[in-house]
Amino acid sequence: MSAATKDDETYPRKILEYMEGFLISKTLFAACELGVFDHLEQAERPLSAAEVAQGLDTSLDGTQRLLSACAGLELLTVQQCNDQEVYSNTGLSSRFLTQTGAQSLYHSIQYNSKTIYLCWHYLTDAVREGQNQYEKAFGVSSKDLFEALYRSDEEMLKFMHLMNSIWNVCSKDVVSAFDLTPFKIIYDLGGCSGALAKQCTVTYPSSTVTIFDLPKVVHMSREHFVSAQDKRISFHEGDFFKDDLPEADLYILARILHDWTDERSSQLLAKAYRSCSPGGGVLLVEALLHEDGSGPLTAQLYSLNMLVQTEGRERKASEYARLLTAAGFTNIQVQRTGKIYDAILARK
Ligand SMILES: C[S@@+](CC[C@H](N)C(=O)[O-])C[C@H]1O[C@@H](n2cnc3c(N)ncnc32)[C@H](O)[C@@H]1O
């Protein structure tokens, strides 16, 4: 018997790690919220805990412990300098954890900390009741999912930043999972902040992309995310359940169907099929579950997150294929990207 197996049998390392996993998330959230990574980036030299505490107006003791834990998590490097520890960002932290990082996940971390973490407090209730926990977590009683999510302009902007942020690390893979060159008129249904639309216009310079979203989201997107210089991106204000969809060669539905029940998803796909140009298609972008239930763990956890926060679920490729076929689509192709989000292309 190998040492590792023996260790696993007599010492529950994995269970202990899982039990305390939230300590890691909260350490990351606190360091981001307090601006630890931004402060170290701006300093352009390693800083002691006292210097960080002074810069962030935090307690020395608390800061020492936080920096030490971040070093243990390999989010900071620590060196000895004149008998004291000094800290600097790792390459990973500079790139992903600072607000100005090339592929910043700062807004995703903020939303996880301020919203998702609070909803997950009620995960047990969500499983028991089979429904989202917005009312308990935030006192919001709206039956309309996006009315609850967008309970104030501030919350809507935070959500849009969350949606925008992950595409800093995943958009190229999903947009190039299939060759979309033949589709000249693209509508991104529920296109939100326009991050995928922007990537589409970069990868497919001869296509135009229209972001279709609720009027207040479109206004916020124009104001904060898509500049007037992005000439090949336009907007369409509407409700994709209530209004007609304009004709398009391709409808992108990225992280849309996972918000909704099969019934509402079918309704939306049937509408897309009716409005789609002949030979056109639909591109679904979702975190796909394996067919045999074996993973990926991220998609399995996201499905729980959908339970806690929405009316939907993550699905297997075969489940999406069933919904697409029922709506009339054919020639269904699946591309796994190896990252969080995968792509399914189907044709009319
Ligand atoms: C989970 S977000 C996905 C955003 C974006 N596709 C992405 O992946 O980053 C869902 C989007 O659908 C939009 N949405 C929700 N209900 C809608 C409706 N009835 N009509 C149009 N857009 C809607 C939301 O405003 C939001 O932008």
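Atoms within each ligand, like the ligands themselves, are counted from 1 in listed order.
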Using the salt bridge (Lys or Arg N to Asp or Glu O under 4.0 Å) criterion, which residues pair with Asp239? Sequence neighbours excluded. Lys242

Under a heavy-atom criterion of less than 4.0 Å, does Gly238 contact ligand 1? yes

Salt bridge between Glu319 and Lys316, side-chain N to carboxylate O under 4.0 Å? no

Give me the nearest non-hydrogen protein atom to atom 24 (C) of ligand 1 as residue plus atom name, then the distance to 0.1 Å. Tyr150 OH, 3.2 Å

Answer side chain, backbone, both or neither: which part of Leu196 comes under 4.0 Å from ligand 1, heavy atoms only. neither

Which atom pair, heavy atoms only, marks the closest approach of Glu291 to Ser318? OE1-OG, 2.6 Å

With backbone taken as N, CA, C and O and side chain as the heavy atoms from C-beta onward, which portion of Ile252 lies under 4.0 Å from ligand 1: side chain, backbone, both, or neither? neither

Give the residue, atom name and distance (to 0.1 Å) of the protein heavy atom nearest atom 4 (C) of ligand 1. Gly190 O, 3.2 Å

Using a strict cut-off of 4.0 Å, indicate which atoms of ligand 1 neighbour a heavy atom of Phe241. 19 (N)

Anything under 30° is parallel, anything over 60° is perpendicular, the rest tilted; go ahead and classify Tyr187 against Tyr251. tilted

Pairs under 3.5 angstrom only: tabulate donor-acceptor contacts from the side chains of residues 338-348 to other protein residues two or more places apart or in another chain.
residue: Lys339; atom: NZ; partner: Asp173; partner atom: OD1; Å: 3.1
residue: Lys339; atom: NZ; partner: Asp173; partner atom: OD2; Å: 3.3
residue: Tyr341; atom: OH; partner: Arg255; partner atom: NH1; Å: 3.3
residue: Asp342; atom: OD1; partner: Thr337; partner atom: N; Å: 3.0
residue: Asp342; atom: OD2; partner: Leu288; partner atom: N; Å: 3.2
residue: Arg347; atom: NE; partner: Gly279; partner atom: O; Å: 3.2
residue: Arg347; atom: NH2; partner: Gly279; partner atom: O; Å: 2.9
residue: Lys348; atom: NZ; partner: Tyr273; partner atom: O; Å: 2.9
residue: Lys348; atom: NZ; partner: Cys276; partner atom: O; Å: 2.9

Going by an N to O cut-off under 4.0 Å, is there a salt bridge joining Arg315 and Asp262? yes

With heavy atoms only and a cut-off of under 4.0 Å, state how Val217 meets ligand 1: side chain, backbone, both or neither. side chain

Using a 4.0 Å cut-off to any heavy atom of Ala254, which atoms of ligand 1 qualify? 3 (C), 5 (C), 6 (N), 7 (C), 8 (O)

Show the atoms of ligand 1 that are less than 4.0 angstrom away from any heavy atom in Cys192. 4 (C), 5 (C), 27 (O)

Does any donor atom in the side chain of Glu85 or Gln79 lie under 3.5 Å from an acceptor atom in the other side chain? no

Atom 27 (O) of ligand 1: nearest protein contact (heavy atom, Å): Asp213 OD2, 2.7 Å

Got the closest protein heavy atom to atom 19 (N) of ligand 1, with its distance? Asp239 OD1, 2.9 Å

Just jot down the ligand 1 atoms closer than 4.0 angstrom to any heavy atom of Ile256, in number order. 10 (C), 11 (C), 12 (O)

Show which atoms of ligand 1 fall inside a sub-4.0 Å distance from at least one heavy-atom site of Trp167. 7 (C), 8 (O), 9 (O)

Would you say Thr63 and Thr58 are linked by a side-chain donor-acceptor pair, where the criterion is simply a distance under 3.5 Å? yes

What protein heavy atom lies closest to atom 20 (N) of ligand 1? Include the residue and the distance to one decimal. Phe240 N, 2.8 Å

What residue and atom, counting heavy atoms only, is the protein's closest point to atom 8 (O) of ligand 1, and at what distance? Arg255 NE, 2.9 Å

With Lys26 as the cation and Tyr117 as the aromatic partner, state whether NZ or CZ is under 6.0 Å from the six-membered ring centre and within 45° of the axis. yes

Starting from the C-alpha separation in whole Å, work towards a yes-or-no answer on ring-ring contact (aromatic ring centres under 6.0 Å, His included) for His161 and Tyr106. CA-CA 9 Å; His161 273 297; Tyr106 177 85; 9.3 Å; no

Provide, to 0.1 Å, the distance between atom 2 (S) of ligand 1 and the closest protein heavy atom, together with that atom's residue and name. Met163 SD, 3.6 Å

